[in-house]
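First the structure, in the form of structure tokens, and then the observations on it.
What you are looking at is a predicted structure, and each value in this text was computed from that prediction instead of being measured.
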Amino acid sequence: RGDFWVTNVSKYQPPANNFSRLHEVGVDLSQAVRDLRTELRDVGLNCTLVLGENAMNAMTGKKGISNWRGSVLNTPGGKVIPTFHPAAFLYRKNKWEQGKGQRVFGYYNREVLKLDIQRALEQSKFRQVRNPKRTLHICRSFVDLYRFFQRNKHREYLSIDIEVANAFPVCIGLAFTPFEAMSIPLLPAFGSVKLTRMGPSELARVWKLLAQILMDPRYKKVGQNFKFDRDKLTKLGLSIDRLYFDTQLGSHTCNSELPKSLEFNTSTRTLEPFYKWEGREFKLGKDNFENFQTYNCKDCCVTLEVMLDQLEEIEELGLTRFFFDF
């Protein structure tokens with residue numbers, strides 16, 4: 001207990017624990033947050049574990065604890081990691097235990113809380129925010145793809161991810177390492193929305209090289225829930241020789257009781273902060289398509305990083321033959 005510091009956003013309890021009523025006990029929330037940041041700097045903490053939605057919003061301005069939990073964030077009050085408030089486990093009834101068969105808050109999130117606490121402990125050894133540095137490229141010409149491929153053609157793995165608009169593939173991302181990726185437009189335009197300045201001839205050369213890369217047996221192909229991607233690519237006429245690893249199947253093998261999404265794996269197996277809203281909120285024709293391609297690149301890098309971590313755990317568990325043979 002003497003190894004860490006416990007504090008609160010407000011030193012006074014709001015009526016009914018409702019932050020919006022803090023003014024009733026004479027507390028200005030903005031001033032309380034400024035005082036808290038000063039307090040944390042004076043204590044000299046390397047990392048702060050932020051418990052619950054209200055504390056996270058006060059410290060970071062962000063909302064959605066289920067999304068941001070586990071992310072290592074840089075704030076005016078220093079490095080913070082949000083996670084669930086332990087009180088949530090006391091006050092929310094576990095419907096699963098009542099036999100209703102529904103996945104609810106308390107069923108697996110106790111384990112998630114432990115993972116976040118462990119991350120905070122590791123991050124408390126240093127003050128800097130050391131999130132991964134990734135180089136994310138947009139393919140604007142055949143030369144871009146050719147040079148990217150030439151730099152990486154000696155690699156072992158190839159992570160693949162597509163993004164769709166109205167269920168139709170509009171770009172494909174490739175990553176040979178967790179720290180560099182390229183997103184390639186698959187069409188000159190989608191409806192009235194122009195996706196690339198490449199003409200038909202140059203885009204055809206891009207497709208030809210892309211097809212060669214996807215079918216090259218030298219690379220171990222990696223994806224997340226890749227049956228979806230493979231189905232869409234096949235309908236376009238693009239194939240891959242063989243899938244080596246699906247991170248969703250890796251999740252089932254390593255932690256069958258925990259969520260299987262790339263979003264969750266990112267929060268527990270990488271230091272990439274939450275970014276999935278970048279793709280979910282994208283509107284083709286309204287938002288910049290290159291931002292969607294950057295999101296595509298992140299998915300590729302993160303998928304490969306998750307795979308490498310899962311592969312190590314599968315080997316430690318003695319499940320390598322089970323995973324690859326069964």
Taking [Y] as the starting point, is it possible to reach [X] by hopping between hydrophobic residues whose side chains are less than 4.5 Å apart?
{"X": "Leu311", "Y": "Leu319", "result": "yes"}
{"X": "Ile160", "Y": "Leu209", "result": "yes"}
{"X": "Phe148", "Y": "Ile138", "result": "no"}
{"X": "Val222", "Y": "Leu243", "result": "no"}
{"X": "Met215", "Y": "Val206", "result": "no"}

Indicate the atoms forming the closest heavy-atom contact of [X] with [Y], along with that distance.
{"X": "Pro185", "Y": "Cys139", "value": "CD-O, 3.5 Å"}
{"X": "Pro178", "Y": "Leu308", "value": "CG-CD1, 3.9 Å"}
{"X": "Ile172", "Y": "Asn296", "value": "C-OD1, 3.2 Å"}
{"X": "Leu49", "Y": "Asp116", "value": "CD1-O, 4.1 Å"}
{"X": "Arg119", "Y": "Thr268", "value": "NH2-O, 3.5 Å"}
{"X": "Cys254", "Y": "Leu317", "value": "CA-CD1, 4.3 Å"}

Are any side-chain N or O atoms of [X] and backbone N or O atoms of [Y], one a donor and one an acceptor, separated by less than 3.5 Å?
{"X": "Glu305", "Y": "Thr270", "answer": "no"}
{"X": "Ser256", "Y": "Thr253", "answer": "no"}
{"X": "Ser159", "Y": "Cys300", "answer": "yes"}
{"X": "Gln310", "Y": "Thr247", "answer": "yes"}

Got [X] and [Y] here, is their nearest side-chain heavy-atom distance under 4.5 Å?
{"X": "Ser141", "Y": "Glu202", "answer": "yes"}
{"X": "Asn67", "Y": "Ile65", "answer": "no"}
{"X": "Leu158", "Y": "Leu174", "answer": "yes"}
{"X": "Lys221", "Y": "Arg242", "answer": "no"}
{"X": "Glu313", "Y": "Asn255", "answer": "yes"}
{"X": "Tyr275", "Y": "Tyr295", "answer": "yes"}
{"X": "Leu210", "Y": "Leu238", "answer": "yes"}
{"X": "Gln248", "Y": "Leu262", "answer": "no"}

- Query: Residues in ring-ring contact (aromatic ring centres under 6.0 Å, His included) with Phe4, at least two apart?
  - Reply: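 Listed in chain order: nothing, the list is empty.
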
- Message: With salt bridge (charged side-chain N to carboxylate O under 4.0 Å, His left out) as the criterion, how do Lys62 and Glu53 come out once you've worked through the C-alpha distance, each side chain's angles and the decisive distance to 0.1 Å?
- Response: CA-CA 9 Å; Lys62 301 182 185 301; Glu53 181 83 18; over 6 Å; no

Working to the nearest 0.5 Å, report the span between [atom1] of [X] and [atom2] of [Y].
{"X": "Thr294", "Y": "Phe289", "atom1": "OG1", "atom2": "CZ", "answer": "10.5 Å"}
{"X": "Arg134", "Y": "Glu180", "atom1": "CZ", "atom2": "CD", "answer": "12.0 Å"}
{"X": "Thr196", "Y": "Leu187", "atom1": "OG1", "atom2": "CG", "answer": "10.5 Å"}

- Message: Checking Asp309 now: which residues fulfil salt bridge (Lys or Arg N to Asp or Glu O under 4.0 Å) with it, not counting sequence neighbours?
- Response: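 For Asp309, the residues satisfying salt bridge (Lys or Arg N to Asp or Glu O under 4.0 Å) (neighbours in sequence not counted) are Arg269.
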
- Query: Which pairs, with at least one residue in residues 72-82 and sequence neighbours excluded, count as a side-chain hydrogen bond (donor to acceptor under 3.5 Å, both in side chains)?
  - Reply: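 Sorted pair list: Lys79-Gln123.
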
- Task: With Tyr244 as reference, evaluate Phe323, Tyr219, Phe324 under the ring-ring contact (aromatic ring centres under 6.0 Å, His included) test and give the passing residue.
- Result: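 Per the ring-ring contact (aromatic ring centres under 6.0 Å, His included) rule, the option paired with Tyr244 is Phe324, out of Phe323, Tyr219, Phe324.
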
